[in-house]
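Excluded from the calculations below are hydrogen atoms, water molecules and symmetry mates; all remaining heavy atoms, backbone and side chain alike, are included.
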Amino acid sequence: MLQVETIGSRRSPLWTFGLLRSELAVTFGRWRTLALLGVLAAVPVLVGIAVKIETSDGSALGGSGGPEGGGGPAFITQITNNGLFLVFTALAATLPFFLPMAVGVVAGDAIAGEANAGTLRYLLVAPAGRTRLLLTKYATTMAFCLTATLVVAVSALTVGALLFPLGDLTTISGTRISFAEGLGRALLIALVVAASLIGIAALGLFVSTLTNSGIAAMATTVGLLITVQILDQIPQLHAIHPYFFSHYWLSFADLMREPVYWDDLVRNLGLQGLYAAVFGSAAWARFTTKDVTA
Amino acid sequence: MAPYESDDNTTAAQAEELRAARRRKAARYVVPAAVLGVAAGTIGLVPAIADSGSPDLPEISAQQLIEKIAESDVQQLSGTVKISTDLGLPDLGGLESGLTSGATPSEGEGSAADPSAKLTELASGTHTLRVAADGPDRQKLSLLENAAEYSLIHNGKDVWGYDSASNEVYHGTATEAADGKASEEVPATPEDLTDQALKAVDDTTSVTVDGTAQVAGRDAYKLLIEPKQSGSTVGAISVAVDAETGLPLKFTLTPASGGAAVVDAGFTQVSFAKPAASTFDFTPPKGAKVTEGDSLEAAPEHERKSAEDLGKGLDGLNVIGEGWNSVAVLDTGAEGGRPSDAAGGDMGSFLGSLGDEVKGKFGSGTVFKTRLVNALITDDGKVYVGAVTKDALVKAADSGQ
């Protein structure tokens with residue numbers, strides 16, 4: 001194995017891109033992946049149509065308001081006034097569960113799925129090296145994170161533009177920004193949301209190196225996600241909440257403040273980086289020393 | 001590995017090789033462990049290092065420092081304030097909603113953007129606020145919430161309250177002084193809090209300068225205000241004053257009983273540059289429900305009343321004692337004592353469950369305790385309220401007979 005790595009490291013770096021390209025083609029060519037992206041694209045459509053029907057008689061969303069007004073995902077009350085807000089609402093609605101679940105499926109499948117199908121040892125026969133294969137798998141998972149987020153955002157923007165007016169928007173601090181700046185912020189928010197998924201992608205990859213069953217790895221990753229989301233709601237555990245990968249996920253909304261409130265955003269990105277470093281290196285330690293029998 | 005280990009034919013050399021391989025394997029797991037360790041160390045150490053700075057500043061007397069605060073004329077600033085309040089009530093969330101429902105009898109009458117309802121939320125928990133000011137005519141106060149924000153904007157004649165979660169707008173005019181009223185009710189900025197504390201300074205109080213500190217990256221003097229008398233629940237009030245501008249940057253009220261601060265409000269970030277003019281511009285967003293100030297008059301009125309009923313009612317108010325040990329006495333005239341009429345039945349039973357029975361020369365009554373303010377409600381309907389201990393309350397009640 002050590003020998004294989006030395007051979008691999010002497011090859012041109014372009015070879016890695018070849019491996020990455022084939023990994024991307026395999027991952028995004030799967031019906032399973034396309035179905036996940038389809039489900040994600042459908043969420044903004046559903047939210048958009050629901051809001052449109054609810055407000056078709058001219059009433060404001062959320063009834064008469066009052067102190068409890070503004071239920072539902074963040075920004076939902078603003079959609080009727082500006083379709084761009086559907087992007088933020090859709091991301092706020094999918095980030096707690098749909099997006100990480102899709103990432104969990106792809107990440108959990110990355111190594112364990114190959115082992116399950118018996119193709120892992122063939123991949124390792126090629127002089128790629130385990131470290132490089134793992135990095136490629138992680139890069140593919142991250143590409144999926146970004147694609148999935150952009151699919152939600154683009155679908156939401158399309159639906160928002162079709163169903164609702166567009167124009168200047170009001171930030172949550174009450175100031176106004178132009179539509180172009182709003183679009184810029186929407187893109188930035190999509191990138192932050194994609195980056196928020198780095199942590200669970202690394203976690204899923206680590207779980208994936210532990211087992212030879214793709215289904216088990218996916219189920220474990222999604223199960224961990226649900227567990228953490230539940231624990232994050234229990235006030236008695238507030239002392240450990242800041243260490244959950246999902247704790248600062250909704251901080252992307254801080255980008256809609258004027259001026260932007262960076263504290264939680266920075267904490268979120270730092271936490272994702274920490275999860276990536278810890279579970280990425282744990283996955284490396286496990287995968288490079290594992291006996292590959294299938 | 002297991003089959004090899006049980007294999008009797010394994011030679012010593014093979015066993016040695018296996019052991020080495022296992023060591024190599026174990027060595028790789030050191031990497032994630034090390035990453036975790038470094039991260040934990042960084043998280044633990046960095047704030048400690050950042051906090052440890054106590055800057056070298058010229059000596060200053062307490063008197064000079066108070067003058068500095070009084071002379072302070074900061075017209076332009078923007079910053080982030082973190083305010084934590086821990087009155088020690090078991091569930092102030094329930095109390096808040098009790099107050100709100102008492103204040104707004106029917107759903108939909110009040111507006112989510114009503115300033116007095118929103119700012120009462122500051123009375124418990126930890127909140128992050130943003131403040132910006134440019135002269136006396138333009139101020140903005142924003143309460144940061146999850147994926148939403150409540151902004152109170154004063155720009156010239158207009159006072160706007162904007163609640164982004166419900167997309168509702170409250171509009172008042174400055175002559176009504178809606179924002180002034182609000183800040184009187186709930187002192188929110190460190191400056192407001194210091195003003196109030198300094199009003200209480202007299203011969204019952206010791207005021208000292210307690211070294212220096214770094215607050216929001218600025219050098220500051222620490223002013224320590226302590227009651228000289230015993231019997232007060234207030235342990236100390238510490239105010240960090242910006243050395244350059246004299247602006248109070250941090251306000252901490254610690255109870256005499258020890259533990260976490262009851263009120264801790266301070267800038268986490270502050271800038272004395274002129275805020276962008278667009279900060280104070282507000283036009284109601286399309287489709288937002290706008291409530292004009294007039295139609296809201298009823299709701300704050302209600303709320304103030306219930307607050308007064310709870311604490312400092314004006315009818316028949318007497319003050320026993322002086323300085324920190326002042327105890328306010330009011331005669332509700334209600335037999336039975338329990339404040340079931342104060343703000344609805346829910347509140348009454350909620351407070352009743354917190355009570356502590358006491359007996360004294362005055363008769364008997366119930367003491368309701370928080371970490372700062374205690375109240376004694378006697379069975380003949382008298383209420384004694386003060387930032388004093390239970391014993392001091394009983395003494396006050398005895399002397400009042």
What part of [X] gets closer than 4.5 Å to chain A, counting heavy atoms only: side chain, backbone, both or neither?
| X | value |
| --- | --- |
| B/Thr268 | neither |
| B/Pro275 | neither |
| B/Asp281 | backbone |
| B/Gln269 | neither |
| B/Ser278 | backbone |
| B/Thr283 | both |
| B/Ser151 | side chain |

Under a 4.5 Å cutoff for heavy-atom pairs, which residue among B/Ser164, B/Ala27, B/Ala33, B/Pro32 has the most contacts with chain A?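 Of the candidates given, the most pairs with chain A belong to B/Pro32.
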Under 4.5 Å, counting heavy-atom pairs only, tell me which of B/Pro285, B/Ala276, B/Ala132 racks up the most with chain A.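 Going by pairs under 4.5 Å, I would pick B/Pro285.
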Minimum heavy-atom separation for A/Thr77 and B/Ala165, please, with both atom names.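 Scanning both residues completely, I find the closest heavy atoms to be OG1-O, 3.2 Å.
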Report, in residue-number order, which members of residues 165-179 of chain A are under 4.5 Å from chain B by heavy-atom distance.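 Residues of residues 165-179 of chain A touching chain B at under 4.5 Å: A/Thr170, A/Thr171, A/Ile172, A/Ser173, A/Gly174, A/Thr175, A/Arg176.
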Where along residues 252-263 of chain A does a heavy atom come under 4.5 Å of chain B, listed by residue number?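 When heavy atoms of chain B are the reference, residues 252-263 of chain A contributes A/Ala253, A/Arg257, A/Glu258, A/Pro259, A/Val260, A/Tyr261 within the under-4.5 Å range.
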Look up atom CG in B/Leu36 and atom CZ in A/Phe279, then write down how far apart they are to the nearest 0.5 Å.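 If we round to the nearest 0.5 Å, B/Leu36:CG and A/Phe279:CZ are 8.5 Å apart.
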For [X], look at atom [atom1] and say whether over 12 heavy atoms of other residues, nucleotides or ligands are found less than 6.0 Å away.
| X | atom1 | result |
| --- | --- | --- |
| A/Phe98 | CZ | no |
| B/Asn146 | CG | no |
| B/Gln76 | CD | yes |

